[in-house]
Amino acid sequence: MPELPEVETIARGLDERVRGDLIESVWLGSHPEPLKSPAREISSVLSGSRIRKVRRVGKHIVFDLEGDDRRKRKPSLNGQRQWIVHLGMSGRMLVTVPNEPIAKHTHAVASLASGRELRFVDPRRFGRLSVVVTEDGFSGPGTEPLTIMLEEFTKLFRGRKTPIKAALLNQKLLHGVGNIYADESLFRAGIRPRRQAGRLTALELKRLHRSVREVLQEAIKLGGSSVSDYVDSEGRKGFFQLQHRVYLRTGEPCLVCDTPIKRIVIGGRGTHYCPKCQR
DNA sequence: AGGTTGACCTGGACGC
DNA sequence: TGCGTCCAGGTCAACC
């Protein structure tokens with residue numbers, strides 16, 4: 001479900017609601033897939049930790065934790081302690097009251113000292129929970145698209161033979177861009193998704209660099225895209241889907257030139273573009 | 001190494 | 001109503 005703007009919206013909402021709260025205990029479900037770290041480790045790092053901040057890195061939600069001063073800190077837990085959540089395609093992080101019925105596909109519940117619960121719900125189980133305890137902390141697989149400079153952006157694609165659409169989805173290059181925002185960015189930059197990344201001109205890369213940042217920033221302002229049932233941590237829908245110019249608009253007229261939007265498959269992902277506006 | 005494909009899951013929409 | 005097919009916001013491991 002979520003790409004950078006949706007994860008940003010969710011992380012901001014969570015930060016507002018649970019920052020400063022204390023995780024008292026953790027329940028983990030029986031499906032092994034969502035747990036990227038061993039269950040014991042997740043439990044031991046989270047239990048008794050205070051949430052210092054919730055933020056986004058790429059498509060990951062990062063909970064920065066600290067030991068509760070009123071409790072004994074375990075000696076093995078020095079350095080930065082973080083809870084990392086990736087929502088996959090269908091994951092949600094909900095803040096609920098305890099008597100709220102447990103939704104189907106709930107895989108983790110953290111009980112908070114405030115009396116509320118943080119619940120991770122994910123029908124498809126592509127999402128992942130992990131904990132990180134290191135000096136440096138979690139930095140994500142690639143570079144942040146919102147702050148990258150043109151020079152570095154250009155360097156990412158140099159010599160690459162893969163289609164620019166596939167390169168935009170490669171999280172080791174830019175992290176956070178997913179299928180919606182790759183298609184929308186390429187439309188706004190006027191670039192065909194199948195073009196070889198390494199063969200884009202300097203001008204095209206400049207336009208793409210600008211488009212990616214503009215599309216993501218606009219989407220954050222509108223709370224992300226709700227294409228089926230996406231809602232943020234407070235159950236609110238996003239509205240950027242109303243600004244989509246190509247994504248899931250197969251056969252509909254281009255909003256600029258009326259040409260029907262085409263759908264092709266690149267890297268196994270549905271890819272939408274205007275054959276006239278994008279070259 | 002970089003590039004491509006299929007596997008991993010559930011569920012909703014659609015056609016018959 | 002049901003059953004089959006296709007599609008969906010994302011990674012990964014396994015191949016070439």
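Residue numbers start from 1 in every chain, and the chains themselves are labelled A, B, ... in the order their sequence lines are given, proteins ahead of strands. A quick note: this is a predicted structure, and the numbers were derived from the prediction, not measured. Just the heavy atoms: all of them, side chains too, but no hydrogens, waters or symmetry mates, feed the values below.
Nucleotides B/dG6 and C/dC6 place their P atoms 14 Å apart, quoted to the nearest Å. Here the separation of C/dT11 from B/dG12, taken at their C1' atoms, is 22 Å to the nearest Å.
A/Arg125 has a side-chain polar atom (N or O) that falls below the 4.0 Å cut-off from OP1 or OP2 of B/dT10. OP1 or OP2 of B/dT4 has at least one side-chain nitrogen or oxygen of A/Thr162 nearer than 4.0 Å. Look at A/Arg269 and you'll find a side-chain N or O under 4.0 angstrom from OP1 or OP2 of C/dG10. Phosphate contact (OP1/OP2 of B/dC9, side-chain N/O of A/His31, threshold under 4.0 Å): absent. Distances shorter than 4.0 Å separate some side-chain N or O of A/His86 from OP1 or OP2 on C/dT11. Residue A/Gln171 has no polar side-chain atom (N or O) positioned under 4.0 Å from OP1 or OP2 of C/dG10. Between A/Tyr247 and C/dG9, a side-chain N or O to OP1/OP2 separation shorter than 4.0 Å is present. A/Lys104 has a side-chain polar atom (N or O) that falls below the 4.0 Å cut-off from OP1 or OP2 of B/dG11. An OP1 or OP2 oxygen of B/dA7 is reached within less than 4.0 angstrom by no side-chain nitrogen or oxygen of A/Arg124. Between A/Lys59 and C/dT11 there is a side-chain N or O to OP1 or OP2 distance below 4.0 Å.
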**OP:** Test A/Glu218 against A/Arg213 for salt bridge (charged side-chain N to carboxylate O under 4.0 Å, His left out), laying out the working first.
**Re:** CA-CA 8 Å; A/Glu218 255 182 75; A/Arg213 289 172 306 149; over 6 Å; no
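Between the CG atom of A/Leu173 and the C1' atom of C/dT11 there is a distance of 15 Å, given to the nearest Å. Rounded to a whole Å, the NE2 atom of A/His105 is 13 Å from the P atom of B/dC9. Rounding to whole angstrom units, NZ of residue A/Lys172 and C1' of C/dA13 are separated by 11 Å. With rounding to whole Å, A/Leu248 atom CG is found 9 Å from C/dG9 atom C1'. If you measure from atom CG of A/Leu4 to atom C1' of C/dG9, you get 12 Å, rounded to the nearest angstrom. Distance NE2 (A/His175) to C1' (C/dG10): 15 Å, rounded to an integer number of Å. A/Ile164 has its CD1 atom 16 Å from the P atom of B/dG2, to the nearest Å. Distance A/Asp122 CG to C/dA8 C1': 13 Å, rounded to the nearest Å.
Distance from the side chain of A/Glu3 is smallest for C/dG10 among the nucleotides C/dC12, B/dG11, C/dG10. Of the candidate nucleotides C/dG9, B/dT4, B/dC9, B/dC9 has the atom nearest to the side chain of A/Glu33. For A/Pro163, counting side-chain heavy atoms from C-beta on, the closest listed nucleotide (B/dT4, C/dC7, C/dG9) is B/dT4. Relative to the side chain of A/Ser225, the nucleotides C/dG9, C/dC7, B/dG3 differ in distance, and C/dG9 lies closest. In this structure, of C/dG10, B/dG11, C/dG9, it is C/dG10 that holds the atom nearest to the side chain of A/Phe126.
For B/dC9, there is no paired nucleotide, since no Watson-Crick or G-U wobble pair has both relevant distances below 3.5 Å. Pairing partner, C/dG2: B/dC16, with both Watson-Crick or wobble hydrogen-bond distances short of 3.5 Å.
Ring-plane geometry between A/Phe120 and A/His107 is classed as tilted, the angle between the planes lying from 30 to 60 degrees on a 0 to 90 degree scale.
Without hydrogens or angle criteria, A/Gln241 side chain to A/Ser226 main chain gives a donor-acceptor distance under 3.5 Å. With hydrogens and angles ignored, the 3.5 Å screen pairs a side-chain donor or acceptor of A/Asp183 with a backbone N or O of A/His272. Of the possible polar contacts, one joining the A/Thr106 side chain to the A/Ala103 backbone as a donor-acceptor pair under 3.5 Å is found. Checked by atom type and distance alone, the side chain of A/Gln82 pairs as donor or acceptor with a backbone atom of A/Phe138 at under 3.5 Å.
Using a 4.0 Å heavy-atom criterion, one finds that A/Arg128 contacts no nucleic acid atom at all. Among the atoms of the strands shown, none is found under 4.0 Å from any heavy atom of A/Gly268.
When ring centroids are compared, A/Tyr247 and A/Phe240 stay outside the 6.0 Å threshold.
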